Amino acid sequence: ALHILCESSIIISRSKIISSSCRTEQQQLKFCISCTFLHCTIRHYSANACLLPLCQLHGAAVTTVEGIGSSKTRIHPVQRIAKAHGSQCGFCTPGMVMSMYTLLRNKLQPSMDDITQALAGNLCRCTGYRPIVDGCRTFCQETNCCQANGVGNCCLSGEVNTEEPEQEKPQLFDKNDFLPLDPTQELIFPPELILMAETASPQTLTFQGERMTWMSPASLEELVQMKTSNPKAPLVMGNTNIGPDIKFKGVLHPLIISPTQVKELFEVTQTPQGVWVGAGCSLSEVQSLLEKLVIQFSEEKTELFKALIHQLRNLGSQQIRNVASLGGNIMSAYPNSDLNPVLAAGSCKVSVISNGMFPRLLLSWLPCAYKLHRSIIYILNSIFFPQGEFVRAFRQAPRKESSFATVTTGMRVFFSEGSRVVQDVSIYYGGMGPTTVSAAKTCAALINRSKPWDDENLSRAYDILLDELALPPSAPGGKVDFRRSLTLSFLFKFNLEVLQKLREMVGCVKKYSLSSVFTERDHRRASQQDADPSFTQRDPTQPAGHVSNNQSEAVYCDDIPKTDGELFLAPVTSSRAHAKIVGLDVSEALQLPGVVDVITAEDIPGKKVRPFGGYTEELLAATEVSCIGQLLCAVVADTRAHAKRGASAVKISYEDLPEPVFTVEEAIEKLSFFEPRRVLEKGNVTEAFKSVDRVYEGEIRLGGQEHFYMETQSVLVVPVSEEKEFNIYISTQAPSFCQEAVAETLNIPSNRVTCHVRRIGGAFGGKVTKTAILASITAVAALNQAVRCILDRGDDMLISGARHPVLGKYKVGFMNDGRILAADVQYYANAGNTVDESVLVAEKIVLHMDNAYNIPNLRGRAAACRTNLPSNTAFRGFGVPQSIMVVENMLNDVAMVLGRPADQIREINMYKGQSVTHYKFEFCPENLLRCWDECKLKSDYSARCKTVDQFNQQNRWKKRGISIIPIKYGIAFTDSFLNQAAALVHIYKDGSVLVTHGGTEMGQGIHTKMQQVASRELHIPPSKIYISDTSTNTVPNTCPSAASFGTDANGMAVKNACQILYQRLEPIRQKNPKGSWESWVNAAFFEKMSLSATGFYRGPDLYIDWDKMEGEPYAYFTFGACCSEVELDCLTGDYRTVRTDIVVDIGRSVNPSVDIGQIEGAFMQGLGLYTLEELKFSPSGLLYTRGPSQYKIPAVCDVPLQFNVYLLPDTYNPHAIYSSKGIGEPVLFLGSSVFFAIKDAVAAARSESGLVGPFSLDSPATPERACLACASPFTQKIPASKPGSFKPWALNI
């Protein structure tokens, strides 16, 4: 019997579904499952809703996040995450809440390790995780410990802080305001299910669907018979393999067998030699069992157990391990399996049942489970884990947690007693072939009865291993050199472990340092400077609407209830990068059940293209396609499943066109650009190069970045019966832009189209242009009935575009004292197949290329390259993160050429005094320099540089690096017409106030700030003010919420409207100065005064004259500086951010708590851009990385171990609302401080090999790039493949 607590609204009693309104997979829904065992022991565990089949919940009670607490009943204590600022856009919050709730049901006082493990399977793109962890930390038993509170020395380690305590810093929340956790108030396990579990006998269950049957046998004998009769039917336990295949690949299994009732598959038996574990046991149960056995037995008997625990802790996430079975993991036989190499090396055995063969058949370990004879049906029954022998496991993955491994290994060695002579050794690798592979020749070389285990013997083994595990340069998965290097590095690490063990055993081996590469510590609190009391009259820990996110009461586009007759739209996209459309056959799709229509370009009644930047983009391609993922048509059906099935049935015939262009190099060669190309220059660059001491030329390549907003592209179009009127509920940053696009597509006036935006589950620039196109196509299908279009994650990533990849080339002239006198920088941005906003991005690239530096002779050129990849679009920072990264890398190279610290070169060249940019814009850099100095002070930069150097001298295979980076970011739109905003404010007779403005709430807190502005101007508490959804029928002609200008513009508009109203009430107040707000409003009504006002803000007149190369493109600058320190494992490229200190000048913040959240979230997104996130395209132009399993954004494990944020005090900005500054975008670039800290650590590693001076390290600095750049003896053993001699697995975009 199961008791399941989940985020979705599903309640199941026995086998009857009472209600179902489950959200889509993008929300990372989490279940909390409670199971009964003997003596009614109840255990809780979380799972992903998108993976747990409904059929598997027979006899279960499912309680949603609404069930644990709501605003209508009581808020559950775990929902305090919002009050700790752990909710911004809010889309991921219910999943966070349920993961933490599950943990608290199992452990009332969890440790920080428990919390980070519980949250490891949850993703957030907004917050940066720190506030979520801080909110959860309040439940932690270590809450009062020095470490948990962010104190440098810890009482537990015996270290005492003898210094005077610092003045207490302002906190972002008061934990005394939180409801205490009371376990007696929790939901009880349903007694009827306990009775059912104790009395009911198992019976065969059958569930019949439209195309699929689900059967659950009641006994092992029935399971064998069922599988024998249906050999192609898969066995499903956790659904972590079959489920994604069905959901994302369209795989159809007419019959699925689920042996969850077969008790033999869950038995655990201990023997003197080891333990037998049932194949049906979940990975979490296996991990828990092994952790108990490690405590019970002596250390030498639990080597294999500990190796398996090491792998299990990082295999998937807690939610995955809770449902994935041991047998399923083994039989899936993934090439990069985490467990199979360890099980194979550890001499494990398996028990299998075949075609009614009883007793069970015992087999030695077969690392490739499917090598069993295909003509015989085998069912894996149990696995035997032996005791004893020396076993180790290693893995490397793109992200430490919840990530498929790049390479894994299991290694075992057995020595003659009391000696160093090897009796037996086993080495197996995952990720080095289509199956788990054995390094048999290497093992044979190591088994030398006449020679001991030593470096000489190992040296020969490395060469044999390299030959034995050869990978072709075009091997699937790519990273060939890195993978081959890892095999050697892992063997070397094993060697160090073995030598340490031998030292303990025989005492004759040199001692080796085997300390962990990373010292795991808790995530420290962010620091907040004192805020002006006038801005905090409203509790800043309570953002508008964010508590509802915790209860899943917040309504997003896809949460809007379905209307009668509503249809679903699924797009059909191109499978060719450059081809003519020869035929489009929709006949098969139209014959499928539920399919109503197929929308093509011919069905569009109005404009069939969207104009932008002098170019046009087709809504639906009619004659030719220019990228894989281009929209061709759309299938409309009664359900999402039917629409997707119909989309896959549409047949398109192509005629390939020659020579598609994918890379910027190809675009340069073929002069494939979107015009105009932009140039800015000051001074005489050519002449200046003649007078410098040195000239250096270099380049850096920056990869793209997927927006990965939690809520994918979503739109619901509802026609109104009269006169072709439409209500559009949409997730967009630009509702007026969508309104205009839909009106032109349908050939109707804009006043017949109303766009509504209540909230957005993240956007980051990606919900403007493509959103309007999707809305237009959906509207064409919705002429007679409501139509909804919600993109799956894979389709969203394929269609919507990403941040522009950029190739930056530079030539820099400088003096021996570090002064840069001349620089010539060329930027090439990969725009994709349509112009979108690429030319505007190129413009912003050259406008920001100076960053914080006054280079007297500077030239920048930027080109948007036209290629046959999906069109890239706006992304937080809009070209600035790429622009400044190239310049900062140039300064870093200058420092390396001169052999001087990079921070010195940066300081020498910074703007000082009243300054002029390269486009002749005057500004004062005082606060820039203050941020820089304050960051150095707060981070203790000088002392830590010495500590880093000392650390690197003492460690060969792990290195530390430190870097400090400044930012100067221009705020507002360069196109002046976009710097305007309007607001509508109503005051009702009861004194309540309704505010509507043109900005959209996407997690940046704009509604919260507008509420604060209205509260301040009307002199009433925020509780009287309500922010309505953004809609084009209340505030028309709005500008996009972008460019970090939303609060500046809309805040001034709301302020204007409120001032009008407050001034209008002045005569009433004079008559009754002691009256209440309500009495004044009521009196005004009877005086026939209007209690409604429109506010408007006409922003600054900004411009840039590209011919004269001068102008005022920005209203002001936001300044900041960031110092980051990392620790790098030179053998694997894995790194950990040890500490980050950020200082930002944001003027006098309207809401410091919201702004700190924006700073942290932007930094983590930048960390992902520069160190983690990779878009991979096939040689034919297909995006490989189309989901969270292939594309990795930062997770909880990536948050700096110590994360401090400081707001620069005593600053003033006359150009924005209440002297504040825009903060949404600028800090993203400061994530590059981690990149340059990694580069600093790599430079230290290279010096060990005698390599000094500048070197190439492209962005992102992934473990692969960092490891290969370290140039260790192992990476240098890898022979280089000759370029052009093979076809790479992925393009170098």
Side-chain angles (χ1 to χ4, degrees), residues 25-26 28 48 92 95 116-117 119-129 240 244 248 313-320 334 336 338 395-408 431 477-479 482-483 486 518 702-710 712 762 764 766 793-794 796-798 802-803 805 875-876 1126 1128-1129 1132-1137 1161 1163-1177 1183-1200 1228 1231-1232 1234-1235 1238 1258-1267 1289-1290 1293:
E25 60 87 18
Q26 289 87 355
Q28 315 165 63
N48 293 77
C92 70
T116 53
Q117 280 285 312
L119 297 178
N122 296 73
L123 294 176
C124 175
R125 197 56 154 164
C126 297
T127 66
Y129 300 102
T240 56
F248 302 117
R313 281 182 64 87
N314 293 314
L315 195 164
S317 64
Q318 190 75 55
Q319 293 83 7
I320 296 294
Y334 283 117
N336 54 348
D338 285 280
R395 81 189 298 267
Q396 198 290 320
R399 188 176 62 206
K400 184 180 177 184
E401 295 174 344
S402 301
S403 177
F404 288 122
T406 303
V407 174
T408 63
K479 304 181 181 181
F482 180 46
R483 287 154 67 185
L486 285 173
F518 309 123
L702 292 90
Q705 184 180 28
E706 164 61 30
H707 300 87
F708 215 95
Y709 27 66
M710 293 294 104
T712 58
F764 314 113
R793 178 67 63 188
D796 188 288
M797 294 182 73
L798 183 68
R803 186 187 298 280
F875 198 139
R876 193 180 199 171
V1126 303
L1128 176 71
D1129 182 343
T1132 63
D1134 290 328
Y1135 80 94
R1136 194 68 164 96
T1137 308
F1163 172 83
M1164 288 302 296
Q1165 202 168 54
L1167 181 146
L1169 167 64
Y1170 295 119
T1171 71
L1172 182 62
E1173 301 176 41
E1174 284 189 290
L1175 292 169
K1176 293 287 189 180
F1177 289 89
L1183 180 64
Y1184 283 134
T1185 47
R1186 299 196 304 278
S1189 61
Q1190 301 96 9
Y1191 187 84
K1192 297 301 175 185
I1193 68 172
V1196 172
C1197 60
D1198 298 298
V1199 179
L1228 185 140
S1232 68
V1234 179
F1235 173 94
I1238 292 173
D1258 289 333
S1259 175
T1262 58
E1264 175 192 10
R1265 290 194 173 116
C1267 176
W1289 175 77
I1293 300 298

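Note that this is a predicted model, so its numbers are computed, not measured.
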### Summary
side chain to side chain contact (heavy atoms under 4.5 Å, CB included) test vs R395 passes for just one of L486, T406, D1134, D338, namely D338
### Task
Answer yes or no: is there a donor N or O on one side and an acceptor on the other, between the side chain of T127 and the main chain of Y129, under 3.5 Å?
yes
### Summary
What one should report as the nearest heavy-atom pair of A120 and E401 is CB-OE1, 3.2 Å
### Message
If you apply the rule side-chain contact (heavy atoms from CB on, under 4.5 Å), what do you find for D796 with Y709, and how did you get there?
### Response
CA-CA 10 Å; D796 188 288; Y709 27 66; 2.9 Å; yes
### Query
Do T1137 and D1198 come within less than 4.5 Å of each other through their side chains, counting heavy atoms only?
no
### Summary
All heavy atoms of G128 vs all of V1199, minimum pair found to be O-CG2, 3.5 Å
### Task
If the plane angle is over 60° it's perpendicular, under 30° parallel, otherwise tilted; pick one for F404 and Y334.
tilted
### Task
Output yes when a side-chain donor or acceptor of R1265 lies under 3.5 Å from a complementary backbone atom of G1133, and no otherwise.
no
### Query
If you measure from CD on Q319 to OG on S402, what distance do you get to the nearest 0.5 Å?
7.5 Å
### Task
Taking the side chain as every heavy atom from C-beta outward, state whether C124 and M710 have any atom pair closer than 4.5 Å.
no
#### Entry: A397 to A405 - nearest heavy-atom pair and separation
CB-CA, 3.9 Å
#### Entry: Between CD on residue Q1190 and CD on residue E706, distance to nearest 0.5 Å
12.0 Å
### Task
Taking all non-hydrogen atoms of both residues into account, name the closest pair between I1238 and L1128 and its distance.
O-CD2, 4.5 Å
### Message
With heavy-atom distances below 4.5 Å as the criterion, would you say the side chains of T1132 and P1263 are in contact?
### Response
no
## Note on the structure
Between L1228 and Y1170 the two heavy atoms that sit nearest each other are O-CE1, 4.0 Å
### Message
Would the distance check show the side chain of Y1135 and the main-chain N or O of A1261 forming a donor-acceptor pair, the cut-off being under 3.5 Å?
### Response
no
## Note on the structure
Value for CG (L1169) from CD (Q705), rounded to nearest 0.5 Å, stands at 4.5 Å
### R399 side-chain N/O to I1193 backbone N/O, donor-acceptor pair under 3.5 Å
yes
#### Entry: Beyond-backbone contact of H707 with R876, side-chain heavy atoms, under 4.5 angstrom
no
### Message
Tell me if a side-chain donor or acceptor on N122 pairs with a main-chain N or O of G95 at a distance below 3.5 Å.
### Response
yes
### Message
Counting C-beta onward and ignoring hydrogens, is there a side-chain heavy-atom pair between R1186 and Y1191 closer than 4.5 Å?
### Response
no
### Query
Atom CG of L1172 and atom NZ of K400: how far apart are they, to the nearest 0.5 Å?
13.5 Å
### Query
Do the side chain of R125 and the main chain of P1194 share a donor and acceptor less than 3.5 angstrom apart?
no
### Task
Please examine the side chains of F708 and R793, heavy atoms only from C-beta on, and report whether any two atoms are closer than 4.5 Å.
yes
### Summary
Rounded to the nearest 0.5 Å, the OG atom of S317 sits from the CG atom of L119 at a distance of 11.0 Å
### Task
Identify the two heavy atoms, one from F1235 and one from D1258, that lie closest to each other, and give their separation to 0.1 Å.
CE1-O, 3.6 Å
### Message
If you define the side chain from C-beta out and look only at heavy atoms, does anything of F1163 sit under 4.5 Å from P1200?
### Response
yes
### Task
Return yes if some donor-acceptor pair links the side-chain N/O of E1174 with the main-chain N/O of T1185 below 3.5 Å, else return no.
no
### Note, R483 side chain near Q396 side chain (heavy atom, < 4.5 Å)
no
### Message
I need the T408 OG1 to N314 CG distance, nearest 0.5 Å.
### Response
12.0 Å
